[in-house]
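Just so you know, ligand 1 is whichever comes first in the structure, and atom 1 is the first atom listed for that ligand.
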Amino acid sequence: MSNEEKLTKVVINWFPGHMAKTRRKIKELLPLIDAVAEVTDARIPNAGRNPEINEIIGSKPHIILLNKCDMADKAVTERWIKHYKSQGIYAIATDCKSGKGISAFKDTVKAVLADKLKSYAEKGITGKPLRVMVVGIPNVGKSSFINRIAGKTRAKVENRPGVTRGNQWFTIDRQLELLDTPGVLWPKLEDQAAAERLAFTGAIKDRILDTELLAVRLLTLLSASYPQLLKNRYGELDFDCDAYTLLCQIGKKRGMMLRGGDIDTERAANMLLEEYRSCKIGLISLESVEDYA
Ligand code: G4P
């Protein structure tokens, strides 16, 4: 089995069976909410999304949260925000570790739902909270976001009229209620490049993946987009070679040698993936608007 086929199998096995159910549940709940907040990973805004989300939510007002922006390339994230804006979608960068960007969320909800708020005011309706469904594939930071925005006032509300028990509603304040994704949303299963990017960030565990191949693919991207960051981290490198040879150079520089003088490329690969994921190489975005929009 090729690495590509293995990757597809891993991703598919990760998201078994619940897909149609989640799609149905989200659609059922749409009449109860005013807007959808979709959380994605700022490092991979495209791969970090569910491929059917636009179709599932239809014309519901839509906000995209580029989360984990603390790990992404700031300039690239800003370009993504502009790109979504040009499509009429509000997007904000958030960092749920530090809380950066979270305070912009409430204002963004109000901006997205300005017409609705105006009509409430005209009809004299007061005290009706805006309801927003938070969606996103696993591991993008949905729970972290809800915990952040709810802060100490976090309160779980259940048994709402028309909402089955078990749906996770959170009262944020008098004006805002959030609903957690009712089920598991899958990522871009059939898209090899997207699956690979999910694996780079650690969103898909790589125990059964070929880590050397994964590291070589990551190096191909990094050497094209961030060669200086690689040099800063690993010292002078010769980029005039294939990515496997580059991995060997890095392993050698780190003294990762096997008995007999060969380079321990498996150790080098694990180190590279770990150092990328923990941002030791730098703040890196793996998808740019120009390539994936
Ligand atoms: P989910 O509900 O969408 O599945 O995601 P969850 O909030 O569980 O977050 C998944 C992982 O991503 C967690 O790390 C979380 O801490 C981390 N995370 C969430 N938002 C951000 C962010 O804005 N920046 C950074 N740097 N990390 C973020 P973990 O390793 O699973 O746990 P831990 O590190 O909290 O122990």
Would [X] and [Y] pass as an ion pair if we require N to O under 4.0 Å?
| X | Y | value |
| --- | --- | --- |
| Lys253 | Glu236 | no |
| Lys82 | Glu78 | no |
| Lys21 | Glu28 | no |

Return the residue, atom name and 0.1 Å-rounded distance of the protein heavy atom closest to [atom].
| atom | answer |
| --- | --- |
| atom 25 (C) of ligand 1 | Lys97 CG, 3.2 Å |
| atom 20 (N) of ligand 1 | Asn67 ND2, 3.0 Å |
| atom 15 (C) of ligand 1 | Ser144 OG, 3.8 Å |
| atom 8 (O) of ligand 1 | Ser143 OG, 4.2 Å |
| atom 11 (C) of ligand 1 | Asn139 OD1, 3.6 Å |
| atom 5 (O) of ligand 1 | Gly141 N, 3.1 Å |

Heavy atom of protein closer than 4.0 angstrom to [atom]:
| atom | value |
| --- | --- |
| atom 36 (O) of ligand 1 | no |
| atom 13 (C) of ligand 1 | no |
| atom 31 (O) of ligand 1 | no |

Discussion item. Using a 4.0 Å heavy-atom cut-off, which part of Asp70 comes near ligand 1: side chain, backbone, both, or neither?
Written reply: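 For Asp70, the contact with ligand 1 is made by the side chain alone.
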Item to complete: State, with a plain yes or no, whether a side-chain heavy atom of Val36 is found less than 4.5 Å away from one of Ile56.
Response: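 Not in contact.
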Discussion item. Is there a side-chain contact between Cys96 and Ile102 in this structure, where contact means two heavy atoms from C-beta onward sitting under 4.5 Å apart?
Written reply: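 Contact flag for Cys96/Ile102 side chains = yes.
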Worksheet entry | Flag if over 12 foreign heavy atoms under 6.0 Å of NZ, Lys85 |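 Counting other residues, nucleotides and ligands, NZ of Lys85 stays at 12 neighbours or fewer.
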Discussion item. Tell me whether the count of non-hydrogen atoms from other residues, nucleotides or ligands lying under 6.0 Å of CG in Asp240 goes above 12.
Written reply: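 No, because the 6.0 Å sphere around CG of Asp240 holds 12 heavy atoms or fewer from other groups.
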Worksheet entry | Nearest neighbour of atom 22 (C) of ligand 1 from the list Cys96, Ser278, Pro138, Gly202, on a heavy-atom basis |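 Heavy atom nearest to atom 22 (C) of ligand 1 belongs to Cys96.
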Worksheet item: Heavy-atom distance to atom 18 (N) of ligand 1: which of Lys68, Lys100, Arg277, Lys142 wins?
Response: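 It is Lys68 that holds the nearest heavy atom.
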Worksheet item: Got a sec, which pairs hit side chain to side chain donor-acceptor pair (under 3.5 Å) with one end in residues 60-71, sequence neighbours left out?
Response: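 Sorted result for residues 60-71: Glu38-His62, Asn67-Thr94.
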Fill in: Distance filter under 4.0 Å to Met71 heavy atoms, resulting ligand 1 atoms
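Every atom of ligand 1 under 4.0 Å from some heavy atom of Met71: 26 (N).
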